[in-house]
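Take a look at the structure below.
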Amino acid sequence: MRILVLNCGSSSIKYQFINTEEKIVLAKGQVERIGMSSAVLTHTPHGKEKIRIVGEILDHTIAIEYVIAVLLSPNHGVIKDKNEIDAVGHRVVHGGETFSGSVLITDHVMKALNDNIELAPLHNPPNIKGIEAAKSHLPNTPQCGVFDTAFHQSMPNYAYLYGIPYELYKRYKIRRYGFHGTSHRFVSERAAAFLGKPVEDLKLITAHLGNGASISAIKGGKSIDTSMGFTPLEGLLMGTRGGDMDPSLILYVMGKEGLNLSEANTLLNKHSGIVGLSGLSSDMREIEDAVIDGSHKMAATAFDVFNYRIKKYVGAYIAALGGLDALVFTGGIGENSSLVRKAVCSNMEYLGLELDLEKNEKPVGDADVATENSRARILRIPTDEELVIALDTEKIVNEQMIQN
Ligand code: ADP
């Protein structure tokens, strides 16, 4: 099947057009600066050069029209007719408690997505716009939603409830949801295949370390705990988000600095984390360069905080799982940073984790970077959230065809 995977943000749309039988990305690209006169579409067809188009793209409907047009284009396209798009798979950030798996988008689902807007006011509205735009251009093509939160719906209530009046959970659904679910699910399944064991028999910790970062405890293929919470702010230190902190500190800062709600939100989401602590950058490569050449003291401190936080969670999740078969690193940092893996795994031998420093240096593809003697494996597994979305979409469409 050929599936168009869409990840719609407030001013950008990332897309991949995937052939699911051969697991090939036929074309991929993104539209940035939607809503501006200088919007940019970059498009790379399989095996060809990237092209860049600049022009006015006022909204998501027009942006998706351009995406379909470039897929059809005689020079840079990969299809001749838009009917060759068999289905569209949408990344949707927040499925709330309504969705514990991927779904075919129906009017009922659209209503539930709208009902969940309050839980993800920044993310769900552009996801909804993207679905509506895709429906308007491809009215007869099935559309599916794949949720970042769905995989974590298996958490037990003692892991997802916060210590606030239960009434607030009932009234506003305030609880831990967790995010990056497609990635945690994908790498946990890949880890099981790599180890040649059924995922049902495994205790895994998956660390998705990118600009946003989260870590999950996965028992028997089900998420039992994860570090992101009610929003993607909780847990690990991230590029621009601080992760775990005492909630009363924000009330204190708001009072001291006279911040309103929106300013406090910006402080927590955009100016905290690695960039806030280091004062240098949110980008791990820049931080590592500064750590290596010793040029920036606070970059080194931010790096230590980042790694220490992950190490603490690994310890906590080994306790939650009652043991560990493998710790999996993924995401831009988890896949590429030997320094982060080394710092996180240092002095963890007593918990069964022993890193092979040589193997850790330049792993290729899915790789085991633990020593032979390590009781638990340490894996580096590149994530592929778009492929998960495409495969889920294919499965749903096939099931739908059988039912009809
Ligand atoms: P996103 O969360 O936006 O999808 P990614 O998963 O692509 O982001 O991760 C981006 C992060 O990965 C950045 O902090 C980047 O610096 C880091 N990164 C990418 N390559 C390397 C590398 N070779 N060494 C260390 N960090 C890296």
Side-chain angles (χ1 to χ4, degrees), residues 5-16 25 28-30 32 42 44 91-93 122-123 126-127 146 148-149 178-187 190 206-216 226-228 231-243 269-293 296 299-300 302-307 309-310 328-345 355 360-365 367 369 380-389:
V5 175
L6 294 176
N7 180 353
C8 298
S10 57
S11 65
S12 74
I13 295 179
K14 292 188 188 134
Y15 64 92
Q16 285 196 8
V25 178
K28 66 176 177 181
Q30 56 183 335
E32 289 166 289
T42 47
T44 314
R91 175 190 181 205
V92 184
V93 170
L122 297 179
H123 293 104
N127 296 159
V146 179
D148 273 22
T149 49
F179 298 85
H180 292 143
T182 40
S183 178
H184 290 293
R185 171 157 68 100
F186 177 77
V187 298
R190 280 292 271 238
T206 51
H208 176 106
L209 312 175
N211 285 317
S214 69
I215 184 162
S216 290
T226 191
S227 59
M228 282 181 169
T231 72
L233 264 188
E234 197 182 344
L236 303 178
L237 196 74
M238 304 174 221
T240 61
R241 291 169 255 169
N269 278 290
K270 304 262 187 243
H271 302 303
S272 299
I274 296 174
V275 72
L277 268 178
S278 69
L280 177 68
S281 170
S282 64
D283 190 286
M284 186 53 89
R285 275 165 297 199
E286 274 188 60
I287 297 294
E288 285 196 354
D289 288 347
V291 170
I292 291 164
D293 67 23
H296 199 288
F303 188 69
D304 290 343
V305 175
F306 180 81
N307 296 320
R309 190 78 61 84
I310 301 167
V328 183
F329 286 94
T330 195
I333 301 170
E335 291 163 26
N336 297 307
S337 172
S338 58
L339 282 184
V340 165
R341 291 192 298 264
K342 189 172 156 193
V344 170
C345 296
L355 191 71
N360 182 49
E361 235 12 77
K362 278 200 168 30
V364 179
V369 293
R380 177 257 193 197
I381 298 189
T383 194
D384 193 342
E385 289 161 283
E386 288 76 15
L387 181 64
V388 179
I389 296 173

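Residue numbers run from 1 in the order of the sequence given. Predicted model only: the values in this text are computed from it and were never measured. Counting starts at 1 for both ligands and their atoms, following the listed order.
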Inset, instruction - Using a 4.0 Å heavy-atom cut-off, say whether Glu288 meets ligand 1 through its side chain, its backbone, both or neither. - result: side chain
Inset, instruction - List the closest protein heavy-atom neighbour of atom 2 (O) of ligand 1: residue, atom name, distance to the nearest 0.1 Å. - result: Asn211 N, 3.0 Å
Legend entry - For atom 11 (C) of ligand 1, closest protein heavy-atom neighbour: Ile333 CG1, 3.7 Å
Inset, instruction - Scan side-chain atoms only and decide if Ser337 and Glu288 contain a donor-acceptor pair under the 3.5 Å cut-off. - result: yes
Legend entry - Test side chain to side chain contact (heavy atoms under 4.5 Å, CB included) applied to Arg241 and Asn269, Val275, Thr231, Ile274, the passing residue: Asn269
Legend entry - For Ser337, the ligand 1 atoms whose distance to one of its heavy atoms is below 4.0 Å: 25 (C)
Inset, instruction - Tell me which one of Leu209, Val340, Ile287, Asp283 gets a heavy atom nearest to atom 16 (O) of ligand 1. - result: Asp283
Inset, instruction - State, without any angle test, whether His208 and Ser183 hold a side-chain donor-acceptor pair at a distance under 3.5 Å. - result: yes
Legend entry - Heavy-atom nearest neighbour in the protein, as seen from atom 14 (O) of ligand 1, with distance rounded to 0.1 Å: Met284 N, 3.0 Å
Legend entry - Identity and distance of the protein heavy atom lying nearest atom 20 (N) of ligand 1: Asn336 ND2, 3.5 Å
Inset, instruction - Kindly state if atom 4 (O) of ligand 1 has a protein heavy atom within a strict 4.0 Å cut-off, that is, under 4.0 Å? - result: no
Legend entry - Proximal atoms of ligand 1 relative to Gly212 (non-hydrogen, under 4.0 Å): 2 (O)
Inset, instruction - Assess the side chains of Thr226 and His180: does a donor N or O sit below 3.5 Å from an acceptor N or O? - result: no
Inset, instruction - Please confirm whether Arg285 comes within less than 3.5 Å of ligand 1 when only nitrogen or oxygen atoms on both sides are compared. - result: yes
Inset, instruction - Please confirm whether Gly210 comes within less than 3.5 Å of ligand 1 when only nitrogen or oxygen atoms on both sides are compared. - result: no
Inset, instruction - Kindly give the heavy-atom pair with the smallest separation between Thr182 and Asp148, and that separation in Å. - result: OG1-OD1, 4.2 Å
Inset, instruction - Could you find the nearest protein heavy atom to atom 7 (O) of ligand 1 and give me its residue, atom name and distance? - result: Gly332 CA, 4.2 Å
Legend entry - For Ala300 against Val291, the heavy-atom pair lying closest together: CA-CG2, 3.9 Å
Inset, instruction - List the atom of Glu361, the atom of Ser338, and the distance in Å for their closest heavy-atom pair. - result: OE2-OG, 3.4 Å
Legend entry - Qualifying residue for side chain to side chain contact (heavy atoms under 4.5 Å, CB included) with Leu209, from Val344, Ile333, Asn336: Ile333
